[in-house]
Amino acid sequence: MKKILDKTFWLYVGLGILNYGFCSVIMLFFKNVVRLGDTPCLIISFTLQTSISFILNRFVTFRGLHISRYWPLLFVCSIAVCYVTAKVLLKKVFELLIVLPFFDGIVQWLFGLLKPQMAYGLFRENLVLLACTFTYCVINYVGQRYFVFRPVKEKPETRQA
């Protein structure tokens, strides 16, 4: 457990919260002000999250690690898995869950507490999008930490005579 909740994890969490917050604000701006649909908003958010996350992870969180020379391919595969899982698979699950009586009661309570200047249906849609981007963020961490930026042993240099 100490290995999982190490300094790298907490650094990723701190940077990830900032990244998630920034990208979520941008996504909700495009959803609620510009009035784009869910898919373009998620693509904008995922693209921003991915770009910022990659830069932060490569040059801050996982700097100094000797990683595989195939990291660009691994990175693309990791992001594809994140996207398919969060957007294609889990978005429908979140949409189904949010209308169940238990979750709907929580959403109504939250809606009443926040008193947003939007319709209840739009509020629920925003929560689904936020759940998708949060899931994307968590899966992205696992993919980047244990797949893309996994340290590899350096091969000893061989001398040629």
Side-chain angles (χ1 to χ4, degrees), residues 4-5 8-63 67 70-150:
I4 293 173
L5 300 177
T8 303
F9 172 80
W10 293 112
L11 181 59
Y12 182 89
V13 167
L15 294 173
I17 288 170
L18 294 173
N19 184 14
Y20 174 74
F22 174 74
C23 294
S24 294
V25 166
I26 300 296
M27 175 190 65
L28 292 176
F29 171 80
F30 279 103
K31 171 75 175 160
N32 298 311
V33 177
V34 179
R35 303 271 190 225
L36 287 180
D38 288 358
T39 300
C41 289
L42 284 173
I43 289 172
I44 289 167
S45 179
F46 291 168
T47 302
L48 274 174
Q49 272 188 348
T50 300
S51 302
I52 294 169
S53 176
F54 172 76
I55 292 167
L56 290 173
N57 287 334
R58 181 67 184 109
F59 299 107
V60 177
T61 309
F62 303 115
R63 73 177 179 270
I67 58 176
Y70 301 108
W71 69 262
L73 178 62
L74 297 174
F75 182 75
V76 169
C77 291
S78 175
I79 294 308
V81 168
C82 292
Y83 178 79
V84 168
T85 303
K87 165 63 173 91
V88 177
L89 301 176
L90 291 179
K91 184 173 182 282
K92 291 292 181 199
V93 171
F94 292 140
E95 288 170 343
L96 292 172
L97 285 176
I98 205 161
V99 296
L100 293 177
F102 173 75
F103 292 109
D104 190 49
I106 293 171
V107 172
Q108 286 179 7
W109 173 79
L110 189 59
F111 183 76
L113 185 70
L114 296 175
K115 300 203 184 314
Q117 299 299 316
M118 65 178 79
Y120 179 67
L122 183 58
F123 183 74
R124 282 196 335 212
E125 290 174 15
N126 286 339
L127 289 179
V128 168
L129 292 179
L130 289 171
C132 287
T133 57
F134 179 77
T135 304
Y136 180 91
C137 188
V138 170
I139 299 168
N140 188 24
Y141 169 73
V142 172
Q144 288 194 38
R145 169 112 194 232
Y146 298 106
F147 187 61
V148 178
F149 294 115
R150 180 184 66 225

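Because the structure is predicted, anything quoted here is derived from the model rather than measured. Quick note: residue numbers are just sequence positions, from 1.
- The closest donor-acceptor contact from the side chain of Lys92 to the backbone of Leu89 lies at 3.5 Å or more, if one exists at all.
- Residues Thr133 and Gln49 meet the side-chain proximity criterion, which asks for heavy atoms closer than 4.5 Å.
- By the 4.5 Å heavy-atom criterion applied to side chains, Phe75 and Gln144 are counted as neighbours.
- Scanning both residues, Cys137 and Tyr12, for their nearest heavy atoms gives O-OH, 3.4 Å.
- The distance from atom CG of Leu56 to atom CG of Leu18, rounded to the nearest 0.5 Å, is 8.5 Å.
- Within 6.0 Å of atom OH in Tyr120, more than 12 heavy atoms from other residues, nucleotides or ligands are found, so the atom counts as buried in its surroundings.
- Residues Leu110 and Phe123 come closest through the heavy atom pair CG-CZ, 4.0 Å.
- With values rounded to the nearest 0.5 angstrom, Ile55 atom CD1 is found 11.0 Å from Thr50 atom OG1.
- A heavy-atom distance below 4.5 Å is found between the side chains of Val128 and Lys91.
- Side-chain contact between Leu15 and Asn19 is absent, with no heavy atoms from C-beta onward closer than 4.5 Å.
- Between the side chain of Thr47 and the main chain of Ile43, a donor-acceptor pair closer than 3.5 Å is present.
- The aromatic rings of Phe46 and Tyr136 lie parallel to each other, their planes meeting at an angle below 30°, with 60° marking the opposite boundary.
- Interatomic distance, Asn140 CG to Thr85 OG1, rounded to the nearest 0.5 Å: 11.5 Å.
- Here the CG atom belonging to Leu90 is positioned 5.5 Å from the OG1 atom belonging to Thr135, to the nearest 0.5 angstrom.
- When side chains are defined from C-beta on, Trp109 counts as touching Leu113, because their heavy atoms get closer than 4.5 Å.
- Under the side-chain contact (heavy atoms from CB on, under 4.5 Å) test applied with Ser78, the options Phe147, Tyr83, Phe54 reduce to a single match, Phe147.
- The CG atom of Leu36 lies 11.0 Å from the CG atom of Leu42; values are rounded to the nearest 0.5 Å.
- The nearest pair of heavy atoms linking Tyr20 to Leu130 is OH-O, 3.0 Å.
- The SG atom of Cys41 sits 10.5 Å away from atom CZ of Phe29, with the distance rounded to the nearest 0.5 Å.
- Considering only heavy atoms from C-beta on, Leu48 stays 4.5 Å or farther from Met27 through its side chain.
- Taking each heavy atom of Arg35 and Asn32 in turn, the nearest pair found is NH1-O, 3.2 Å.
- Not a single salt bridge (charged side-chain N to carboxylate O under 4.0 Å, His left out) links Lys87 to another residue, sequence neighbours left out.
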